[in-house]
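Below is one structure, written out as structure tokens; the observations come after it.
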2 protein chains.
Amino acid sequence: MFLSKSFGYALRGVLYVALLEPKGNKIKIEQMADKLAVPRHFLAKIMKKMVQEDILTSTKGPYGGFSLSPVTLQTKLLHLVKITDGMEQFNTCVLSLRKCNSKNPCPLHFQMLQIRDGMLAEFSKTSIGDLLDKKNPDFIKSISVI
Amino acid sequence: MFLSKSFGYALRGVLYVALLEPKGNKIKIEQMADKLAVPRHFLAKIMKKMVQEDILTSTKGPYGGFSLSPVTLQTKLLHLVKITDGMEQFNTCVLSLRKCNSKNPCPLHFQMLQIRDGMLAEFSKTSIGDLLDKKNPDFIKSISVI
DNA sequence: TTCAAAAAAGATATTCATGTCTTTTTTAGT
DNA sequence: ACTAAAAAAGACATGAATATCTTTTTTGAA
Ligand code: FES
Ligand code: FES
């Protein structure tokens with residue numbers, strides 16, 4: 001509920017690159033999957049989408065891997081949600097079967113509207129860079145398994 | 001996202017019974033599925049759970065069907081969520097892989113906490129009776145397809 | 001130019017929510 | 001007792017998200 005596993009993997013993957021790539025070398029999917037305890041090939045597919053959307057860059061071959069793009073840190077979380085989960089959820093009625101519509105509200109419409117708008121607002125204003133805390137030596141733990 | 005289809009079916013089903021049962025006869029699953037445009041047998045399974053949890057009552061055989069229980073109208077939406085979706089989602093980290101925990105927060109923890117607590121608060125205080133608006137002749141439309 | 005490393009792509013498997021179909025149980029009325 | 005109506009239960013099907021495995025493409029370095 002709320003968000004898919006894919007979204008969590010995407011965010012953790014991007015944060016991992018943002019945290020470690022500036023140290024020098026590019027980040028390999030193998031290393032990411034190990035450190036984040038995430039299925040390797042599943043993560044690879046998600047990271048490929050990040051590259052297609054210019055949230056990351058990648059190079060193949062020896063010494064290749066993933067690295068930051070010019071816009072990585074400015075990317076809003078909502079962009080990740082769009083990529084991994086899509087936006088339909090935000091204008092589909094909680095009771096299914098119809099587009100959500102304030103002119104024709106279901107009994108739960110205004111309650112859901114408030115909750116969804118709160119989430120939209122939060123994810124629209126928060127960027128990858130906002131979540132990255134390089135000063136915190138335990139940051140890596142906060143995106144991996146305990 | 002947010003809530004399953006089962007939850008929507010459950011809420012619409014219970015509201016349908018609450019709206020029409022006081023008129024006299026018990027409500028048959030066939031009629032409900034037709035009017036709500038919901039898969040008949042899938043709805044039947046969900047309504048069975050409602051009965052098991054005392055949110056509705058039912059009787060088999062001729063002239064049988066679903067009817068209100070003493071507590072139907074006081075039932076909180078959160079109870080329906082518990083039955084159809086479970087509560088794990090509310091204390092599972094949005095980044096998967098760990099219990100959500102403010103003492104060991106992931107980068108998105110406090111944002112998600114606010115959103116989830118908002119939803120929990122709303123669903124804890126809102127009851128089936130609160131959503132039922134018998135005065136509104138179009139209420140039936142608001143829980144069915146347009 | 002060949003080799004090995006790495007992402008990208010493709011094929012298949014698993015799991016879970018959702019959906020359909022059939023059989024069983026219960027019960028009111030005759 | 002018998003019959004028919006209705007929920008309950010069970011068996012099976014489908015689709016999407018998740019996960020695993022294999023093959024292809026790209027590329028840096030010897
Ligand atoms: S119409 Fe149902 S959530 Fe908006
Ligand atoms: S620890 Fe991640 S949402 Fe609470």
Side-chain angles (χ1 to χ4, degrees), chain A residues 1-10 12-14 16-17 21 25-34 36-67 69 81 83-86 88-89 92 95-97, chain B residues 1-10 12-14 16-17 21 25-34 36-67 69 81 83-86 88-89 92 95-97:
Chain A
M1 188 193 278
F2 290 108
L3 293 166
S4 69
K5 285 191 176 188
S6 292
F7 169 80
Y9 294 163
R12 291 162 66 203
V14 174
Y16 186 84
V17 175
E21 188 254 4
N25 291 15
K26 294 177 180 164
I27 309 298
K28 312 200 183 353
I29 196 73
E30 188 85 38
Q31 176 192 356
M32 291 178 60
D34 283 359
L36 300 179
V38 157
R40 185 195 177 303
H41 297 283
F42 192 52
L43 180 61
K45 280 175 193 167
I46 295 168
M47 288 303 109
K48 183 188 57 177
K49 285 187 189 172
M50 296 299 115
V51 171
Q52 288 168 341
E53 298 277 337
D54 295 317
I55 292 171
L56 290 178
T57 61
S58 69
T59 56
K60 293 180 171 186
Y63 300 85
F66 294 90
S67 46
S69 84
V81 173
I83 296 168
T84 58
D85 297 55
E88 313 79 52
Q89 56 192 318
T92 297
L95 301 187
S96 313
L97 283 178
Chain B
M1 186 193 278
F2 291 108
L3 292 166
S4 68
K5 285 191 176 189
S6 291
F7 168 79
Y9 293 163
R12 291 163 64 204
V14 174
Y16 185 84
V17 175
E21 188 255 3
N25 290 15
K26 296 181 177 160
I27 309 297
K28 315 212 179 341
I29 196 71
E30 188 85 38
Q31 177 192 356
M32 291 178 60
D34 283 358
L36 300 179
V38 157
R40 185 196 178 302
H41 297 283
F42 192 52
L43 180 61
K45 282 175 192 167
I46 295 168
M47 289 302 109
K48 181 189 60 179
K49 286 187 188 174
M50 296 298 115
V51 170
Q52 288 168 342
E53 298 276 337
D54 295 318
I55 292 171
L56 290 178
T57 60
S58 69
T59 57
K60 293 180 171 186
Y63 300 86
F66 294 90
S67 45
S69 83
V81 174
I83 296 169
T84 58
D85 298 54
E88 314 79 53
Q89 56 191 318
T92 298
L95 302 187
S96 312
L97 282 179

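First the proteins, then the strands, lettered A, B, ... as listed; each starts at 1.
Nucleic acid contact class of Ile46(A) (heavy atoms, under 4.0 Å, all strands): none. Within the 4.0 angstrom heavy-atom criterion, only backbone atoms of the sugar-phosphate kind lie near Ile27(A); the bases stay farther away.
Axis angle between the ends of the helix from dT1(C)-dA30(D) to dT30(C)-dA1(D), five pairs each and rounded to 10 degrees, works out to 10°.
If you measure from atom CZ of Phe66(B) to atom C1' of dT27(C), you get 15 Å, rounded to the nearest angstrom. The nearest whole Å value for the distance from the NZ atom in Lys48(B) to the P atom in dG19(C) is 16 Å. As a whole-Å value, the separation of Lys49(B) NZ from dG10(D) P is 14 Å. Between the CD1 atom of Ile83(A) and the C1' atom of dA17(D) there is a distance of 17 Å, rounded to whole Å. Rounded to a whole Å, the CD atom of Glu88(A) is 12 Å from the P atom of dA16(D). Atom CD in Gln52(A) sits roughly 15 Å away from atom P in dA7(C) (whole-Å rounding). With rounding to whole Å, Leu36(B) atom CG is found 13 Å from dG19(C) atom P. Atom CG of Leu3(A) and atom P of dT18(D) are 11 Å apart (whole Å).
Comparing dT18(D), dA8(D), dA6(D) by their nearest atom to the side chain of Lys28(B) picks out dA6(D). Of the listed nucleotides (dA9(D), dA7(C), dT18(D)), dA7(C) has the atom at the smallest distance from the side chain of Arg40(A). Which of dA8(D), dG19(C), dA7(D) sits closest to the side chain of Pro39(B) comes down to dG19(C).
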Could you go through residues 38-53 of chain A and list every donor-acceptor pair under 3.5 Å that involves a side-chain atom there, pairing it with any protein atom two or more places apart or in another chain?
residue, atom, partner, partner atom, Å
Arg40(A), NE, Glu30(A), OE1, 3.2
Glu53(A), OE1, His79(A), NE2, 3.2

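Not one side-chain nitrogen or oxygen of Tyr9(A) sits closer than 4.0 Å to the OP1 or OP2 atom of dT18(D).
Note on residues 58-67 of chain B: pairs passing side-chain hydrogen bond (donor to acceptor under 3.5 Å, both in side chains), not counting sequence neighbours, are Lys26(B)-Thr59(B), Thr57(B)-Ser67(B).
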Heavy-atom protein contacts under 4.0 Å, nucleotides 21-30 of chain D, coded B base, S sugar-phosphate only, - none: BB--BBBBS-
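In this structure, Val51(A) and Phe7(B) both approach DNA chain C, and ranking their closest nucleotides by distance from the 5' end singles out Val51(A).
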Go through it in stages, so that I can follow the logic: the residues are Tyr16(B) and Gln31(B), the test is side-chain hydrogen bond (donor to acceptor under 3.5 Å, both in side chains), and I'd like the CA-CA distance, side-chain angles, deciding distance and then a yes or no. CA-CA 10 Å; Tyr16(B) 185 84; Gln31(B) 177 192 356; 2.8 Å; yes
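For Val17(B) against Phe66(B), the heavy-atom pair with the smallest separation is CG1-O, 4.0 Å.
Residues passing the side-chain hydrogen bond (donor to acceptor under 3.5 Å, both in side chains) test with Tyr9(A), sequence neighbours excluded: none. Residues satisfying the side-chain hydrogen bond (donor to acceptor under 3.5 Å, both in side chains) test with Ser69(B), not counting sequence neighbours, are Thr72(B).
Checked by atom type and distance alone, the side chain of Asp85(A) never pairs as donor or acceptor with a backbone atom of Leu3(A) at under 3.5 Å.
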